[in-house]
Every structure is written in C-alpha cells, then in structure tokens.
Amino acid sequence: MIRNGHSGSSTERAPGSRRPVRVWCDGCFDMVHYGHSNQLRQARAMGDYLIAGVHTDEEISCHKGPPVFTQEERYKMVRAIKWVDEIVPGAPYVTTLETLDKYNCDFCVHGNDITLTVDGKDTYEEVKTAGRYRECQRTQGVSTTDLVGRMLLMTKTHHSVEVNSDYQQHRDNFGKDARGCSPWTGVSQFLQTSQKIMQFASGKEPEPGDTIIYVAGAFDLFHIGHIDFLEKVHSLASKPYIIVGLHFDQEVNHYKRKNYPIMNIHERTLSVLACRYVSEVVIGAPYSVTADLIDHFKVDIVCHGKTEVLPDKDGSDPYAEPKQRGIFQTVDSGNNLTTDDIVKRIIKNRLEYEARNQKKEAKELAVLEALQRRQGLIEGSEK
C-alpha cells in the first residue's frame, strides 16, 4: 500500500529575488513512462513551478523519426503527471534562451544523456553556454527503445533478469548501431528500490469528507486510455481519494495472456504513482474485490471501465461483493484505447521504429567518439 501526493521542494531561488523559481523541461514524451516522470520529478524539485514543453509530431519526425503517440495524446499524458504545473504544446525541438525568456524560466533541466538535432547538434548548446542549464539523473533500466522491443518480441521472459538470446538479439536490433552501443540509447535492467518508491509516493491519508474510490487492473504501459478513465473516476466526487489496485504479473498474464504485462509490477507501480489523479496504490491487489479489502480501506465506490470483466479462477464475478453492496459503478471514459492497440501501432511501423533507434544511436556514438578524442587530446597535452 503506497500513498501518493505532490512533493515538490525548492532547492534554488532566483538570484536577488524572492519570486518563485520557474523551471523549463522539454522533450518528446513519447510512450510516457516512469523514466519521463522521474525526470519531471527531479526538475520540479529544483524550483517552484515546472513548465513542460512538448514537441510536435512534425518536429519529432524530422529529428528522430515517427512518434508512437500523437501530439494531442502526448500533451494530455504530460498534463497528468503530478509534478507538472503547466505544459507548452508545440515547444521547439532546440531549446533557446528566447524560449526560456518567453516563459519567464530561470533555467531548463534535462537528463544526463544527450539530445541531438537531425544534423547531430546538441539541442541544449545555447542554454548550456549561457549557464541556464541544469542536469538530472537519467532513470536506469527504462527506455522507449526497450519497451518497443518487449512488445515486438512477444516473449514472456522480458521481465526476467536472465535475458534470453532471442530477446538480446531483438534489443540489439533496436538499441545498437553497427559500431557499438550508445550509453544513452542502450538497454539496461530496471531494479526497484524502496528509495525510488518513496520518491514517487508522498503519503497523504484520506481526510474527513473524502470519497474513497477503488479501481483495479494491470494498468500496463500506462497510457492515455488509463488517464481518461482515472480522470473520469476523479470527477465522480468533489473530494475523491482514488486507490489503484495493481495485479501481480502472473495474475495479469493469466487473464490477458500473450506476453502481458509488458511492464512488470515494479514499473507499473511507479507509472501509476506519477499520475495526479491517484492517491494510493496497492501492490499485488487480489483479482476479486473482497469484503476484507472494501472494509480495510473503507471504500465508498468501486469502479471498472467498459472493458470486459473476466471471471476469477473459480468462475466467480470479481466484482460480486461491491455489486451486492450497491457501490459498484461502470465508468465510460470515452476512450477505447487499449494496450493491445499500442502494440498494434508498434508492429505496424516496426521497420520505421528500428530505423529510428539505429539512426538515433549512430548520431550519439559520433558525438561520444568526438568527446573521447577531445578528452584524449586534453590529457595528452597535460603530460
């Protein structure tokens, strides 16, 4: 059980002023995952007000290749991350001082990887030179590259620390240029820690007058369909306190089959905790909503979307108890997007995504080699 909440802290103040420190953080934010959320969390902690700039489909296609999600979907996903105070749709791909000044931002924040234009130039060069750039730690063990690979391989072993040869070869196709592996695009294994969970969850307990609403599911590849559902659930009460029950990986695979879930229980936990509509997460919730669960959390409403509800292993209705109590509601989010639909998008454009990642890594390797040569010349001159 993990309680959620907003916990921004101010570590910097504008020189000679008591006004709030405004932070700029931009990106593609395609297939938004907990790595993106962690970057935004770190950026928000460096100031008082976080503005997230999101690039258009056209800009991303020009510099990187086709995005998986449309710009409208990406705008809504970023708005739903609890550390974001404001978004700027259609932010320029190259971050300039003009952009920072336009939105009254003191500095911009990016991860400790590198972002390049189509011609191989650092997109943050101007703001770095001006001293208005801050760096945060990139989240190890997650990348869009790896998630796309998991979907395409359709294996059930992608959560294992022991990576089989087929999956390794598939990851290589997505994350390796002919010359080697980039430290920024390459795939690494995600390891959950209690510290990471604590950073994402900042425990608010229910207050008097709160309506406690329980929802449960896989929430795999946490996407815009989930956001629309949770937003609709959030609107059911004036003071909602939403608890999300996440099923264990084995449970999800039992009812979804194939290679689901794409993301393991630890990854899904962080993804859901980053959502501004969620107050608390139950890790490894039972498939059936039991009387004990309802009584323990003092649940007022139990909700489920319009997707099919499969019976529990014993053939029973998993929502029988809340239905009997008269507290069950079916919520229509108005969005029919499913994890299956996302996988279909990836498969349809498989070759384009492979080419996109190999092209991206080739540019990164060229920059890395140039930096290494420059460092070698500096060290040589110091001897």
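Residue pairs meeting the side-chain hydrogen bond (donor to acceptor under 3.5 Å, both in side chains) criterion with at least one member in residues 290-301, sequence neighbours excluded, are Asp295-Arg325. Annotation: ring-ring contact (aromatic ring centres under 6.0 Å, His included) contacts involving residues 304-323, sequence neighbours excluded, comprise His304-Tyr319, Tyr319-Phe328.
Note that the SG atom of Cys25 and the NE2 atom of His36 stand 9.5 Å from one another [nearest 0.5 Å]. In this structure, CE on Met151 lies 5.0 Å from CG on Leu221, to the nearest 0.5 angstrom.
The local environment of CD in Glu125 is sparse, with at most 12 non-hydrogen atoms from other residues, nucleotides or ligands closer than 6.0 Å.
The hydrophobic cluster containing Ile294 also contains Ile243, counting ILVMFWY residues as joined when their side-chain heavy atoms lie under 4.5 angstrom apart, directly or transitively.
A donor-acceptor contact closer than 3.5 angstrom is absent between the side chains of Tyr49 and Asp106. With hydrogens and angles left out, the side-chain atoms of Thr95 and Asp26 include a donor and acceptor closer than 3.5 Å. Side-chain contact annotation: Arg138 with Gln39, donor-acceptor N/O pair under 3.5 Å absent. Between the side chains of Asp340 and Tyr260, a donor-acceptor pair is found at a separation under 3.5 Å.
The closest side-chain heavy-atom distance from Asn104 to Asp101 is not below 4.5 Å. At a threshold of 4.5 Å between non-hydrogen side-chain atoms, the residues Asp228 and Lys76 count as touching. Within the 4.5 Å cutoff, the side chain of Gln192 has no heavy atoms near those of the Ile265 side chain. In this structure, Leu310 and Tyr287 have side chains that are in contact, with non-hydrogen atoms separated by less than 4.5 Å. Between Phe69 and Leu337 there is a side-chain heavy-atom pair separated by less than 4.5 Å.
Between Trp83 and Phe200, the ring planes are perpendicular. Angles over 60° get that label, and only those under 30° would be called parallel. The aromatic rings of Trp24 and Tyr103 sit parallel to each other, their planes meeting at less than 30°, with 60° as the upper class boundary. Ring pair Phe219/Phe222 is tilted by interplanar angle, where 30° to 60° counts as tilted. Below 30°, between 30° and 60°, or above 60°: for His247 and Tyr255 the angle between ring planes is above 60°, a perpendicular geometry.
Nearest heavy-atom pair across Ala218 and Lys256 is CB-CD, 4.5 Å. Heavy atoms only, all atoms of each residue included: Cys28 and His55 are closest at N-CD2, 3.6 Å. Nearest heavy atoms, Val88 versus Ile51: CG2-CG2, 3.5 Å. Minimum interatomic distance between Lys232 and Asp332 (heavy atoms only, all atoms of both residues): NZ-O, 2.9 Å. Contact between Arg79 and Pro89 at its shortest, heavy atoms only, is NH2-CG, 4.3 Å.
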_Working note: Glu280 + Ile242, criterion side chain to side chain contact (heavy atoms under 4.5 Å, CB included); need CA distance, chi angles, decisive distance, verdict._
CA-CA 7 Å; Glu280 188 169 37; Ile242 299 176; over 6 Å; no

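With respect to the salt-bridge test (charged N to carboxylate O, under 4.0 angstrom), the residues Asp85 and Arg22 do not qualify. By the 4.0 Å N-to-carboxylate-O rule, Glu231 lies too far from Arg276 to be salt-bridged with it. We find that Arg19 and Asp48 are not joined by a salt bridge, their nearest charged nitrogen and carboxylate oxygen being 4.0 Å or further apart. One finds a salt bridge joining Arg74 and Asp57 here, because a Lys/Arg side-chain nitrogen approaches an Asp/Glu carboxylate oxygen to under 4.0 Å. We find that Lys323 and Asp317 are joined by a salt bridge, their nearest charged nitrogen and carboxylate oxygen being less than 4.0 Å apart.
Remark: Arg132 is not positioned above the aromatic ring of Phe107, lacking an NZ or CZ atom under 6.0 angstrom from the ring centre and at most 45 degrees off the axis.
Here the side chain of Lys239 pairs no donor or acceptor atom with the backbone of Ile212 at under 3.5 angstrom.
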